[in-house]
Structure formats: C-alpha cells, structure tokens
Amino acid sequence: MRGMKIPFNKPYMTGKELWYIAQAHANGHLAGDGSFTKKCSDWLERRTGTYKALLTHSCTAALEMAAILADIQPGDEVIMPSYTFVSTANAFLLRGGVPVFVDIRPDTLNIDEARIEAAVTEKTKAIVPVHYAGVGCEMDSIMAIARKHGLLVIEDAAQGIMASHQGRPLGSIGHLGALSFHETKNIISGEGGALLINDRALAERAEIIREKGTNRSKFFRGQVDKYTWVDLGSSYLPSELIAAFLWAQMEEADAITRRRLDIWANYHQWFAGLEKAGRIRRPLMPRECGHNAHMYYLLLPSLEHRTAFIERLRSDQINTVFHYTPLHSSPYGQRLGRVAGNMANTDSVSERLVRLPMWLGLEEEQPHIIRKMLSLIDALD
Ligand SMILES: *Cc1c(COP(=O)(O)O)cnc(C)c1O
C-alpha cells in the first residue's frame, strides 16, 4: 500500500510454528535432539541426499564444526571468496587458519574456479565455495582441484537451501556443507543452521564435536554403556523449541520456494528492458543452476548511482540494501587474511550491487516498487 514502509526483509511464518512449539512443550523434551530435531534432519537428508544432516544453532556454528572436522591447524590456509559473510572466514580463523581470498566471477558473483589453483600452496587444507544468492558455484571444477591437491571442500550453502547445481542440492556436493535458517534466509528458525556431512568418514566425529566432545549420541543409541569426553567439541545443537519452529517451515518449503521464485521472476521480467538499454545488470542464472530466489539484486553502473538509488528509494519508504564490504579490505581481513591475485571483480561488484526487497507477501507491493525503481533508474545519471 502506498505510504507504507516497505522493509527489505520480513520473516515469513507459515502459521504452524507456535502449534509445533506447543507440542514440543507438551512433550517435555526441550533440549536438543528430540523428535522435532529428528523430523528436520530426516527431511534434510531426504531432500539433499546427504549422508547425515545435523541441526546446529547457526550456519556460523556449522562452519565452525567444519573447521574442526577439517583439522585446521595454525597457519593452515583455506581458500574462499572475499565477497562473502564474515562467518566464512571467522570459522577457520578461530582454529588459527589463514583465509586466502580469491576473486569472484563477474557473472554469477561466485568464487572464480579458474583462479583457485593458483592460490593453492603446501599449506592449503580446504576450499570454501560460497553459493551466492543460491546460485551454485562451478562444483565440478572445484571438486577436481580438491581431489588433485588432497583438499577438503566445505560448501557455504547458507543461502542455498532448495537450490541445486546440475541437479545436485547445494551443500550436498562437497565433503561438508553448511546451511543457514537465519530469519533473513528462505527457510527460517530465527537463528539456526545445519551441517551436511557428505563424506561418511567424518560423520562419527561430527556428532561428537556437536555434543561438547562427548560420545553422548552413541550412548543414546545404546552403542556404548556410558558416555564420556573423547574429543574437542562445543555445544552446537539447537533446542527442540527451535527445531519445532523449523519443522513448520520445512513442511512448507516447496510452497515458500515457489512463491519466492514468482516474485523473483517478476523483478527479472520488468528489469529486462533496462538491462538491454545497458543501464543495469540483472542476476545471471547459468543453465545448470536450479536457484531458490534467495535474493534479487541489481548491478548499477557506479557507487554514486547506487548511493543515489538507495537514498531516493528510502525517501519513498522502500528499503534496499547493499551487500558485503569485501573481507580482504575490511580491517580484520587485512590483518589476518591473504589475497591471491587481483580482486577487481570483488571490488567493483561490492560497490555497485543493491539487493531489492524480497519476502513473501511482497507480491501486492511489487508493482508499486518496480514502477518507482524503473523511473528512478531512468532519471539517474
Ligand atoms: C547468512 C550467511 C552466513 C551465516 O549464517 P548464520 O546462520 O547467521 O550463522 C554465512 N555465510 C553466508 C554466505 C551467509 O549468507
């Protein structure tokens, strides 16, 4: 409705969340790994085809578990894009690892697989591809480089639930994959995440790390007669209340994705003319990527254009946001990371990208938003 503030994000509730939380409450099992956690991890295993899915309290936590599983030691290098969220790097820094930043491709804005091998040294332990906007990285090339150099591949699939690359669900292709259910993502539980374990050899240790370094999960399955401290670990499991909320979302995951894809397609269609006229660039979807409409963005010609675009929309009560100060140019990344090659695409995209409002319920507002944006871009120069 005109005059109403249009937020950038608005968490979608299916309507069953509180009902399931009430059930968890009635069950009297509030700690992690109860029946709702099992429903959610079974669903993830079925839908992604991963060997084992473990719920965590965030994608950040899943990445931290992955860093422990990768056995990162001080000085070990981990290759990743600079154009990503801080957790991709922090998870490895916490173990003394060194993030090595590689530039992104100008089309998908994913790590440029052709530049990864030049960044590999004797210290390299892992590659962390980030599937930006739920569009899959070039996983075949990345897995081939990893095999050749004996590296682990940990997919940061925080934005990738319900999306695929060559028919394979994101997060299920590398050795490990990390998903996010943060309220800004497609399927949510406020804060939440999951670690997908595709390499069976890592599954037993993953359970232990998630349970504070104990073999408690084995004990509950009756595989040992008492549980004890056996490894490094922390508390990475979410409570049943969170899993109950998440289950309501998972039940609706197909419908949620369909509605997001419609909103995405609407933007995409309306901005086609401006792209043809060379005034903006729209997201690019390679044929082999089944995306999930996590995000709709535009690439404007310059930082000045973007600043004007965001400010003028804000005065019209429409909130758009930009994304990612590149990690290699942020204070902490400069101190502790290493840059491999030039970062021209990362620098350019981070100055020009703007994310448009994307949430279920936006459908009614979308014609108004798009009209405003079209006339604004026409007037920018
Ligand atoms: C959201 C996000 C994360 C962090 O997810 P949390 O669940 O909030 O910890 C990590 N990486 C990427 C690429 C993200 O978009």
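Owing to the predicted nature of the structure, the values given are computational and were not obtained by experimental measurement. Numbering of ligands and ligand atoms starts at 1, following listing order.
Ring-plane geometry between F85 and Y324 is classed as tilted, the angle between the planes lying from 30 to 60 degrees on a 0 to 90 degree scale. Ring geometry for H323 against Y83 counts as perpendicular: the plane angle is over 60°, on a 0 to 90° scale with 30° as the lower cut.
The proximity of A158 to ligand 1, defined as any non-hydrogen pair under 4.0 Å, is limited to the side chain.
Shown in contact with V130 at under 4.0 Å from a heavy atom are these atoms of ligand 1, numbered in order with element: 13 (C). Against a heavy-atom cut-off of under 4.0 Å, T60 is close to the following atoms of ligand 1: 4 (C), 6 (P), 9 (O).
Of the possible donor and acceptor atoms, none in the side chain of E288 sits under 3.5 Å from a partner among the backbone N and O of E138. Under a 3.5 Å cut-off, the side chain of R210 and the backbone N or O of T56 do not form any donor-acceptor pair. Between the E240 side chain and the F36 main chain, a donor and an acceptor come within less than 3.5 Å of each other.
Ion pairing between a basic and an acidic side chain is recognised when a charged N comes within 4.0 Å of a carboxylate O; E252 and K16 show no such pairing. Electrostatic pairing of D140 and R168 does not count as a salt bridge here, judged by no charged N lying under 4.0 Å from a carboxylate O.
No heavy atom of H131 sits closer than 4.0 Å to any atom of ligand 1. The shortest separation from a heavy atom of G192 to ligand 1 is under 4.0 Å, placing the residue in contact.
Ligand 1 has an N or O atom lying under 3.5 Å from an N or O atom of S180, backbone or side chain. Residue D156 has at least one N or O atom closer than 3.5 Å to an N or O atom of ligand 1. Distances between N or O atoms of T84 and those of ligand 1 include no value under 3.5 Å. Between H182 and ligand 1, no pair of N/O atoms sits closer than 3.5 Å.
The nearest non-hydrogen atom to atom 2 (C) of ligand 1, considering only K185, M80, E191, Q159, comes from K185. Nearest to atom 3 (C) of ligand 1 by heavy atom, out of Y83, F85, F181, Y324, is F85.
Between V100 and A119 the shortest heavy-atom distance is CG1-CB, 4.2 Å.
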